[in-house]
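A short write-up of the structure that comes next.
Indexing begins at 1, ligand by ligand and atom by atom, following the structure's order.
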Amino acid sequence: MTAVSVIGLGAMGSALASTFLDRGHAVTVWNRTPVKADPLVARGAVRAPAVADAVAAGGLVVVCVLDYAAAGAVLDEAAGALGGRAVVNLTNGTPAQARALARRMADRGARYVDGGIMAVPPMIGSPEALLLLSGDGDAFEAHRGALSGLGGLTWLGADPGHACLYDLALLAGMYGLFAGFLQATAMVGSERVAASDFLALLAPWIEAMAGLLPDLARQVDDRDYAADGGSNLAMQAVGVENILQAARDQGVGTELLEPMLSLMRRRVADGFGGDDVPGLIELIRF
Ligand SMILES: NC(=O)c1ccc[n+]([C@@H]2O[C@H](COP(=O)([O-])OP(=O)(O)OC[C@H]3O[C@@H](n4cnc5c(N)ncnc54)[C@H](OP(=O)(O)O)[C@@H]3O)[C@@H](O)[C@H]2O)c1
C-alpha cells in the first residue's frame, strides 16, 4: 500500500491521518506543534522530525493546514524534498491561491493535486465525505485508491483552481441557506418561538423550495427568466420588502436579506419586474 505522509494535524489533518492508519497505510506525520502527533504516533504513525522528512517519506503527501500561506510556508521548508513527489493539498483556499501554489510545486518538480473537503472531521472515511480534486491527473490516478479511503471522490479536471472554486461555490450555497435559517428563526424568535419547534414548518418548506432548483438552473443556463411559475420579480420584491419591514417591526435585524432586496429593486427598475428571481444573476454573473 502507498506510504502516506500527512502534513498538518489540526482537527481535519488528524482525521485524515487517522483514517489512512485505519486503512492500513504506513503513515508519517508532521505538525508545526509536534505534540498533536502523539495520538497518531501511539497508533503506529511515524513522527517526522522535520517537514522535509515527511515529504521524503510519502509516496503520497497530503497537506491540510489552516490556509495557503501556511501550506506554502511548510512546502517551501521542504523544497529540497519535493522533486517527484505527489502532493495533494486539501487546505481551504481560493482558485488563484491554488493555481499559484500549483506553479510553485511544478517549479520544484512535484506533481500537484488540489482538493476541497466537503465534510467535517468525524465524517472522514465515510462515503458521505466528499473530496473535490483537480490538477495533475496522473498523480490523481496513481493515488485514487488511497484517496478513496477518505470518502467519495469527485475529479474536476486539470485546472488546479477548480477544486477550490467548486468547494467555495458549494459553501456559498450552504451559507445562503444558513442565512435564511437565521433570519426565519430570528423573526419567529421575536415571539418566543423556539427554533427547534419552528423547524417542523421550516424544514419541509425549504425542502419543497429546493425542488424548484432544476427549474431555476434551467433558467440560469438558458438566460431566459420568464416567470412561467406565476411568481414575477416585482411581486416577490414587495414580499421581501414585507419580510424586512416585519423584521424591523419585531426588533429583528435585516442585514442578511438587504442585499437580496437591493438586487431585486435594481432588476425591477431595469424593466425586468415581469421576470422570475433567477434573472438577478444577470446583476452579479461573470
Ligand atoms: N474542520 C473542518 O470542519 C474542515 C472541513 C473542511 C475543510 N477544512 C479545512 O481543513 C484545513 C484545516 O482545518 P482544521 O479544522 O484542521 O484546522 P485547525 O484544527 O485549526 O488546524 C490548523 C492546522 O494548521 C496548522 N497551521 C496553521 N498555521 C500554520 C503555519 N503558519 N505553519 C504551519 N502550520 C500551520 C496548525 O498547526 P498547529 O497545530 O501548530 O497550530 C494545524 O495543524 C483548513 O483549510 C480548513 O478550512 C476543515
Among protein heavy atoms, which lies nearest [atom], and at what distance?
atom: atom 2 (C) of ligand 1; answer: Pro121 CD, 3.6 Å
atom: atom 33 (C) of ligand 1; answer: Val74 CG1, 3.6 Å
atom: atom 7 (C) of ligand 1; answer: Ile117 O, 3.9 Å
atom: atom 45 (O) of ligand 1; answer: Asn92 N, 2.8 Å
atom: atom 19 (O) of ligand 1; answer: Ala11 N, 2.9 Å
atom: atom 24 (O) of ligand 1; answer: Leu66 N, 3.0 Å
atom: atom 40 (O) of ligand 1; answer: Thr33 OG1, 2.5 Å
atom: atom 21 (O) of ligand 1; answer: Gly10 CA, 3.3 Å

Quiz item: Is any side-chain N of the basic residue among Arg111 and Asp138 closer than 4.0 Å to the acidic one's carboxylate O?
Solution: no
Exercise. Decide, yes or no, whether a salt bridge links Asp224 with Arg218 under the criterion of side-chain N to carboxylate O below 4.0 Å.
Key: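 So Asp224 does not pair with Arg218 through a salt bridge.
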Quiz prompt | Check: Ser134 side chain, Asp159 main-chain N or O, donor-acceptor pair, under 3.5 Å | solution = yes
Options [options], ranked by nearest heavy atom to [atom], top entry:
atom: atom 25 (C) of ligand 1; options: Ile124, Leu9, Val65; answer: Val65
atom: atom 36 (C) of ligand 1; options: Val63, Leu16, Val35, Asn31; answer: Asn31
atom: atom 4 (C) of ligand 1; options: Met12, Lys36, Arg32; answer: Met12

Self-check item: With Val62, the side-chain contact (heavy atoms from CB on, under 4.5 Å) member among Val27, Asn89, Leu90
Solution: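 Looking at Val27, Asn89, Leu90, the match for Val62 under the side-chain contact (heavy atoms from CB on, under 4.5 Å) is Leu90.
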Exercise. Quickly, which of Asp107, Val61, Asp76, Val55 forms a side-chain contact (heavy atoms from CB on, under 4.5 Å) with Leu82? Name it, please.
Key: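 The passing option is Val55.
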Quiz prompt | ligand 1-proximal atoms of Ala69, by part, heavy-atom distance under 4.0 Å | solution =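 Contact part for Ala69 vs ligand 1: neither.
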Quiz prompt | Check: Asp114/Tyr68 side-chain N/O donor and acceptor closer than 3.5 Å | solution =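 Indeed, the side chains of Asp114 and Tyr68 share at least one donor-acceptor pair under 3.5 Å.
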Quiz prompt | Side-chain donor-acceptor pair present, Gln236, Asp276, cut-off under 3.5 Å | solution = yes
Practice problem: Would you indicate whether the side-chain heavy atoms of Gln219 and Val277 approach each other to under 4.5 Å? | Solution: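 Contact flag for Val277/Gln219 side chains = no.
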Practice problem: Using a 4.5 Å cut-off on heavy atoms from C-beta on, say whether the side chain of Leu177 contacts that of Met174. | Solution: no
Within ligand 1, which atoms have a heavy atom of [X] less than 4.0 Å away?
X: Thr91; answer: 45 (O)
X: Ala70; answer: 28 (N), 29 (C), 30 (C), 31 (N), 32 (N), 35 (C)
X: Cys64; answer: 10 (O), 11 (C), 12 (C)

Practice problem: Please verify whether a non-hydrogen atom of Ala119 lies at under 4.0 Å from ligand 1. | Solution: yes
Quiz item: Does ligand 1 have any atom sitting under 4.0 Å from a heavy atom of Ala73?
Solution: no
Quiz prompt | Linked, directly or transitively: Ile117 and Val29 (ILVMFWY side chains, under 4.5 Å) | solution = yes
Practice problem: Quick one: sort the His162 and Tyr166 rings into parallel, tilted or perpendicular, breaks at 30° and 60°. | Solution: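 Answer is tilted, since the angle falls between 30° and 60°.
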